[in-house]
Amino acid sequence: MKLRLAVTALALTAFGFSAFANETSEMREKLMKQAGGAMGTIGAMAKGEKPFDQDAVKTALEAIAETGHKFPDYFGEGTENLGDEASPAIWENMDDFKARSAKLAADAEAQLAQLPADAAGLGAVMGAIGPNCSGCHEKYRLKKQ
Amino acid sequence: MGRFGRALTTLVVIGAVGAGAYLYLTRPQPYTESDFAEAGEPDIKNGEMMFWAGGCVSCHASPDAEGDAQLVLSGGLALKSPFGTFYPPNISPDPDAGIGNWTLAEFASAMKRGVGRNGEHLYPSLPYTSYVHMSDADIRDLFAYMKTLPKSSNVTAEHDLPFPFNIRLALGGWKFLYFNDNPRVVLSDASEAVKRGQYLVEGPGHCGECHTPRDFLGGWKTSEWLAGAPNPEGEGVVPNITPGGAEVGDWSAKDIAYYLESGFTPDFDSVGGSMVEVQRNMAHLTAEDREAIAAYLKAIPAH
């Protein structure tokens, strides 16, 4: 009886952990897709594929700022090996990782404070935000496929 | 002399002839000064384009350098590989620590023949296996541009390689087996853009160095040109960039050119890993050259 209880407890713990692990990984991916999608919205207007829409630019920048604020919450201790594309270098340089995420949020907020009035101003927005993406992915993302 | 003595003598002679043949066949073959005596006036602007196409800063700038500081080619990076750690040298125009005293023929020997200033074989961590395709005029222009960059007196470490990779003599054998200037893919009816792209990708851009898989001795599997490979620096993979690639295969030529310019994929994921430096370099090229690279990547065999 005791054994059955112990096994059940263990199974529940393991299940709980794996659900937690999946959720953590999913949140990482969700936030990155959120920022990428937002960049796509701005990028399509910058390239002239879509008409300029200041409200959409504002929503996109807000989404990017949110990503910057929340992203490091999903890189706690014990979440190093979830099988996603997070590099072990993140945990070796956690302060830098957090600082970069905070900078992404700050750069997005700086652009929110001076929203461009037309499509011509979007190049500067892309230039301000884009290097944050590649700079962080240079050090902290591992391509697995 | 007994039978044993004769046999031994024969073996020694065969050994000596074999060693002599090896040394002859695998000898360093630098250019001579006269090869570049009539090189002509350099075009420094074109040299700068070759500098970005060649990605010199990715390995030869100080690892933390950003912006203009990247133009100081002081060395300092530790380049990890399955064969050991390479330390790309100072190639700034400093006469002592750098290549300020080199002649054009010496520079060309390193770039296109894999031979150092003292007549020694160079490790293919310097991608002469790709630079061999570069025209003499582009080499001349690149060298002239590099002379205009800031000097650095930094002295870099010697390569840190375990036995047997630390034996430079063995490099001659490696070059004999793997080093040639054949086109990596043969493309019939190639447009001018595709030809230009082939030159940039197979030559100065040296894309195949990371994107093409290698055999156990580090030679390219050219039948799998640009088909992707394990990351030589550690975990992860370098993607397949042929039209059959899982990720890049679906991209249009326009998508590829935009990625090289902006660092963004068609769905606005961003460039990552070592490709970040490469993309920053590619952003300096002309739009036509980025389009040429894209046209070539769409024209090569799918894997």
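These numbers come from the heavy atoms of this one structure, side chains and all, not from hydrogens, waters or symmetry mates.
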**Student:** Just checking B/D215: does its CG atom have more than 12 heavy atoms from other residues, nucleotides or ligands closer to it than 6.0 angstrom?
**Tutor:** yes

**Student:** Check the surroundings of atom CD in A/E80: do more than 12 heavy atoms from other residues, nucleotides or ligands lie under 6.0 Å from it?
**Tutor:** yes

**Student:** For atom NZ of B/K221, decide whether the heavy atoms of other residues, nucleotides or ligands shown that lie under 6.0 angstrom number more than 12.
**Tutor:**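 For B/K221, atom NZ is crowded (more than 12 foreign heavy atoms under 6.0 Å).
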
**Student:** Pick whichever of B/G263, B/S274, B/G228, B/S270 has the most heavy-atom pairs under 4.5 Å with chain A.
**Tutor:**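 Looking at each option in turn, the highest pair count goes to B/S270.
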
**Student:** Could you check whether any side-chain heavy atom of B/D269 comes within less than 4.5 Å of a side-chain heavy atom of A/H137, counting everything from C-beta outward?
**Tutor:** yes

**Student:** Which bit of B/D267 is near chain A, if near means a heavy-atom gap under 4.5 Å: side chain, backbone, both or neither?
**Tutor:**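 Just the backbone, heavy atoms under 4.5 Å.
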
**Student:** Give, as side chain, backbone, both or neither, the part of A/M32 having an atom under 4.5 angstrom from any heavy atom of chain B.
**Tutor:**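 It is neither, since no heavy atom gets under 4.5 Å.
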
**Student:** Check whether any side-chain heavy atom of A/R141 sits under 4.5 Å from a side-chain heavy atom of B/V271, and report yes or no.
**Tutor:**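 Side chain of A/R141 against side chain of B/V271, heavy atoms only: no contact under 4.5 Å found.
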
**Student:** Do you know which two heavy atoms are closest between B/F268 and A/K47, and how far apart they sit?
**Tutor:**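 Closest approach of B/F268 to A/K47: CZ-CE, 4.3 Å.
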
**Student:** With a cut-off of 6.0 Å (strictly less than), are more than 12 heavy atoms of other residues, nucleotides or ligands near CD of B/E158?
**Tutor:**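 No, because the 6.0 Å sphere around CD of B/E158 holds 12 heavy atoms or fewer from other groups.
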
**Student:** Would you say that more than 12 heavy atoms from the other residues, nucleotides or ligands in this model lie under 6.0 Å from the CG of A/N81, or not?
**Tutor:**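 No.
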
**Student:** Could you check if a side-chain atom of A/C133 sits within less than 4.5 angstrom of a side-chain atom of B/F264, using non-hydrogen atoms only?
**Tutor:**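 Of all side-chain heavy-atom pairs linking B/F264 with A/C133, at least one is under 4.5 Å.
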
**Student:** Only heavy atoms, only distances under 4.5 angstrom. Which residues in residues 275-303 of chain B are near chain A?
**Tutor:**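 The list, in residue order, reads B/V276, B/E277, B/R280.
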
**Student:** Could you tell me which portion of A/P131 (side chain, backbone, both or neither) has an atom closer than 4.5 angstrom to a non-hydrogen atom of chain B?
**Tutor:**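 Neither part, no heavy atoms under 4.5 Å.
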
